[in-house]
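Written below as C-alpha cells is the structure these notes are about.
Here is how names work: the chains are called A, B, and so on, in the same order as the sequence lines, proteins then strands, and each is numbered from 1.
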Amino acid sequence: MKSHLCELLHTALQNLQAQNIVAAGALPDIGVEHARDQQHGDFASNIALTLAKSAQRKPRELAQQIVAHLPASDKVARVEIAGPGFINFFLAPAAWQDVVNAILDAGAAYGRAAQTSAHPVQVEFVSANPNGPLHVGHGRGAAIGSALANLLEAAGLKVQREYYVNDAGRQMDILAASVWLRYLEVCGEPVVFPVNGYKGAYVYDIARALQQTHAARLRHPLSDVMRDAPSDAAADDSVGGSGDKEAHIDALIARMKTLLGADDCRAVFDLGLSTILADIRDDLAEFGVRYDHWFSERSLTESGAVQRAVERLRQSGHLYESGGAWWFRSTAFGDEKDRVVVRENGQPTYFASDIAYHLGKYERGFERIVNVWGADHHGYIPRVKAALSALGEDAARLHVVLVQFAILFRGKQRAQMSTRAGEFVTLRSLRAEVGNDAARFFYVMRKSDQHLDFDLELATSRSNENPVYYVQYAHARICSVLKQGEDKGWAWSSVRGRAHLDLLVEGHERKLLATLARYPELIEAAAALYEPHQVAYYLMDLATDFHTYYNALQFLVTDDNLRDARLSLLVATRQVLRNGLNVLGVSAPTSMQRDDDDEK
RNA sequence: GCGCCCUUAGCUCAGUUGGAUAGAGCGUUGGGUUCCGAUCCCAAAGGUCAGAGGUUCGAAUCCUCUAGGGCGCGCCA
C-alpha cells in the first residue's frame, strides 16, 4: 500500500517537473508513513515539506500542486492537505478489506518477502564456551539470535545459523584439569580442589563417566600431582596473598599433561568437551533453537588457517615485533591500542583465531555477517573490524548485535543468580520454571541493547499482565470461535466470506485490517534494523486489536454473509499471529489451559 | 583516566528514514459479561522525553557540553 502511494506521488512529481514547477533531476526519497491520528487519514506524506525549499514555494501551495497532479486510484478515497503541508491519504474501504484476501492467499508466506539474494547471511549466536551448562544470560542470546535469524529469513534472506565452539585454549584446559581432579577425588585421592577450577556438579558427572571407562588407569597419587605446584589462593577468593590461583592451576594443567601423556590428556579433554557440548546442543534444541553449523575453533589451528591469517597480516605490513611478541597495528584502523596476535612463547592469541574465523566467514561467501554478542564484548568489535579492514575486507558487512544482560526477578525481589560460587542459574532451570514460550517471548521483548528485567512471577502468570498469554490467548480465542461456529452448524465458508468482505465496515474491523496490512512492512523494517523485539510489540498490538474487536462485536451472527466475512477476518488474524509467533519461536496454541483445570 | 552503551509517566518499557496534540502494560480510581472462554474489554488521572546549548520550516530522535547508571580497557577466552 505504501509503495502504491509512493508511485502515485512519484508520477505527480514527474508531471510537475515537466512543467518546471519542481526542479528537474533526481527526486528525493518519497516519504509515506502511517498517520498516527485518524483525523490525518490512513497514510501521510511530508514530500511537500521536504521539497518546498528547492522548489521555492510555500509547502502548502506545493502540496496543492502535487495533489492536483495525482493520478486517480481506486484505492484512494480522498486526499487532504493539512497542517504545514502534509498530504493525507484516506483509503477506500475496499483497499483495506482486500488485505484479508492477501493473507488467506499467502497463508504462512504472508509477510515473507521473496528471496532477494543468492548470497546467504550468517548469524552467529550463543557461542558460549563449552565449559559448563548454558545459563540464563546465554538464554537471551539464544532467543534473540534465533528470532533474528528467523526474521532475516522472513525478510527474504538466505540465512545460515552458526555456533562458534571455543574448543581450544586455557579455559578448556582448566575444564580438563577440573575433570581429572574430580576423577582423582572419585578414585579416593584427598583432592583439595583449586579455587580457579570449575566447581559445578556437572564436572563430577563427567569424572564418574571417566572412571566408568578408564577405571583407575588415569589415577596418580595426589602427592605427585601437587609436587612443586605454587600454592593456591585462599578458598574464599580474598586478597590475602596466600597464593596465586592462576599459577596454581597452570601448574596443575602442566602436571596433568606430563603424568597422563598427550593421548590420555586429550581423552580427558575430549570427554569433557563432548559431554558439555552435547548438553548445550540438547538444551538449545529443546528451546527450539537450531543451527546449521557448529564451527570448531580448534579446526582453525589444525587447518593452518590461523597461521595463514597471521601471515597475511605480516606480509601486508600490519604486524611489528615488540617484547618478543607480534603485534597487530590496529590503531591504524581506529582501535584504541595495538593488539598481540602471537605471544612471546610463539602461541597465537585467541584474537588471532578470531581473525582467522572472521576472515573465513568472508571467504565462505556470506553477503552479510551478523554476530550476536554479549554486551561485555563491545570493546572487542573495533579490533575485529580493524583486522578485517587490514586484510582488505569490507568491515561494514559485519554487524554486531550486542545483547545486554537479563536480571531475574521474582516479583519485586531480585532472584538469586548464583546457587553456589560462580554457578549461575541455568537456562534449563529457567525453562523448567516458566516454559519455553514465556522464556523466548520475554527474552526478545526488549530491545537487545536494553537491560532486561525478567520477572519469573509474571512469566508464569496467566493474565493480561503476561504478554505471552495475552498474544497466545488471542490465537486460541479465534480457534475457539471457529469451533463454536462449527458446533452451531456454521462452519466458516471461505468463498462466501471473501465474497462479502465489503461488509467489514466497523471501526474495530478497520483498525484490525490496518494492523494486519502493516505486518509485511514491520518484518522488513525490523529485519533491516536487526530488531526482533519489534515483532513482539507488533503481536501485542495485534492481540489488543483483536480482543477489543471481540468484546465490541458478535462474530457468530445469523446473517451468513456477515458472519463469514467476519470469520474470514478472524482467520486472517490468526494466520498473522501464527506467522509472527513463528518468527519469535513461540508456539501458537489452539486452546489455553483454564485456571479451573488446575484445581482438583 | 580513556572508550562504548543507556537515561521517556509512580514501576517496566515502546516510539519506524527528524514530522502534526510523546504512546503501551502494570499500579491507582471508576465502569462493563442473560451473548463467540472475563486468561477479556472501556474510561480517567499521571510527562520540563536527565539538564543546558546548537542545527532547521519542525528535535525524544542529529551535534556539543554537564550530571547519573551499566560495561569494557590482559602476551585470558
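In this structure B:C11 sits in a base pair with B:G25, meeting the Watson-Crick or G-U test at under 3.5 Å. Shown here, B:A50 forms a base pair with B:U66; the pair counts as Watson-Crick or G-U wobble because both key distances fall under 3.5 Å. Pair assignment for B:U16: none, as no Watson-Crick or G-U wobble contacts are both less than 3.5 Å. Base pairing of B:U39: no nucleotide in any strand meets the Watson-Crick or G-U wobble criterion (both distances under 3.5 Å). In this entry B:C71 has B:G3 as its Watson-Crick or G-U wobble partner, both defining distances falling under 3.5 Å.
Counting any heavy atom pair closer than 4.0 Å across all strands shown, A:S480 reaches a base atom. Within 4.0 Å of A:S322, counting heavy atoms only, lies at least one base atom of the nucleic acid. Nucleic acid contact for A:F351: none, since no nucleic acid atom lies under 4.0 Å from a heavy atom of the residue. If you check every strand for non-hydrogen atoms under 4.0 Å, A:N196 touches nothing. Residue contacts shown for A:L553 include a base, since a base heavy atom lies under 4.0 Å away. A:K447 comes within 4.0 angstrom of sugar-phosphate atoms only, judged by non-hydrogen atoms across all strands, and of no base. Residue A:Y350 is classed as a base contact, given a heavy-atom separation below 4.0 Å to a base. Using a 4.0 Å heavy-atom distance criterion, A:Q484 is classed as a sugar-phosphate-only contact. Heavy atoms of A:G323 sit under 4.0 angstrom from at least one base atom. Using a 4.0 Å heavy-atom criterion, one finds that A:Q472 contacts no nucleic acid atom at all. Within 4.0 Å of A:A168, counting heavy atoms only, lie sugar-phosphate atoms of the nucleic acid but no base atom. Here A:H377 lies in heavy-atom contact (under 4.0 Å) with a base. At the heavy-atom level, A:A375 lies under 4.0 Å from the strands shown only through sugar-phosphate atoms.
If you measure from atom CD1 of A:I87 to atom P of B:A20, you get 16 Å, rounded to the nearest angstrom. Per the geometry, CG belonging to A:D455 stands 11 Å off P belonging to B:C13, to the nearest Å. Atom C1' of nucleotide B:A20 and atom CZ of A:R60 are separated by 12 Å, given to the nearest angstrom. Spacing between atom NE2 of A:H451 and atom P of B:U8 amounts to 13 Å, rounded to whole angstrom units. If you measure from atom CD of A:E457 to atom P of B:G27, you get 13 Å, rounded to the nearest angstrom. With rounding to whole Å, A:M540 atom CE is found 17 Å from B:U12 atom P. Atom OH in A:Y550 sits roughly 11 Å away from atom P in B:C41 (whole-Å rounding).
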When you look at A:K385 and A:D335, which way does the salt bridge (charged side-chain N to carboxylate O under 4.0 Å, His left out) test go after all the steps? CA-CA 9 Å; A:K385 291 207 169 198; A:D335 197 8; over 6 Å; no
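In this model, the phosphate group of B:G37 is not approached by any side-chain N or O of A:Y469 to a distance below 4.0 Å at OP1 or OP2. Under 4.0 angstrom from either OP1 or OP2 of B:G70 there lies no side-chain N or O belonging to A:Q450. Contact annotation: A:H533 reaches the phosphate of B:G15 (side-chain N/O to OP1 or OP2, under 4.0 Å). Residue A:T548 places at least one side-chain N or O under 4.0 Å from the OP1 or OP2 atom of B:C42.
Side-chain atoms of A:T515 and A:Y538 include no donor-acceptor pair closer than 3.5 Å. Side-chain contact annotation: A:E80 with A:N88, donor-acceptor N/O pair under 3.5 Å absent.
Separating the CZ atom in A:F409 from the CG atom in A:D455 is a distance of 8.5 Å, to the nearest 0.5 Å.
The six-membered or imidazole ring of A:Y550 lies away from that of A:H508, with a centre-to-centre distance of 6.0 Å or more. Between A:F405 and A:H451, the ring center distance fails the sub-6.0 Å criterion.
No hydrogens or angles were tested; on distance alone, nothing pairs the side chain of A:D173 with the base of B:A77 as donor and acceptor under 3.5 Å. A donor-acceptor contact under 3.5 Å is not formed by the side chain of A:H378 with the base of B:C5.
In this structure, the nucleotide among B:U17, B:C36, B:U39 sitting nearest to the side chain of A:L529 is B:U17. Of the listed nucleotides (B:A77, B:C13, B:C41), B:A77 has the atom at the smallest distance from the side chain of A:N166.
Between the side-chain ring of A:F86 and the base of B:A20, a stacking contact exists by the 5.5 Å and 30° definition. Both geometric conditions, a ring-centre gap below 5.5 Å and a plane tilt below 30°, are fulfilled for A:H40 over the base of B:A20.
Taking the charged nitrogens against the carboxylate oxygens, A:D545 and A:K511 do have a contact shorter than 4.0 Å, which makes a salt bridge.
Using cut-offs of 30° and 60° for the angle between ring planes, the A:Y443 and A:F454 rings count as perpendicular. Taking the six-membered ring for Trp and thresholds of 30 and 60 degrees, A:Y380 and A:W373 have ring planes more than 60 degrees apart, a perpendicular arrangement. Ring planes of A:H318 and A:F328: perpendicular class, angle over 60° (limits at 30 and 60°). Between A:F295 and A:Y357, the ring-plane angle classifies as tilted under the 30° and 60° cut-offs.
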Give each protein N/O atom lying under 3.5 Å from an N/O atom of nucleotides 55-62 of chain B, with the pair distance.
residue, atom, partner, partner atom, Å
B:C57, OP1, A:K53, NZ, 2.6

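Between A:R329 and A:L319, every side-chain heavy-atom pair lies at or beyond the 4.5 Å cut-off.
Contacts of A:F86 classified as ring pair (Phe, Tyr, Trp, His ring centres under 6.0 Å), with partners at least two apart in sequence or in another chain: none.
Heavy-atom nearest nucleotides on RNA chain B were determined for A:L402 and for A:Q171, and the one closer to the 5' end corresponds to A:L402.
Using a 4.0 Å cut-off on heavy atoms, the residues of residues 329-344 of chain A that approach RNA chain B are A:E336, A:K337, A:V340, A:R343, A:E344, listed by number.
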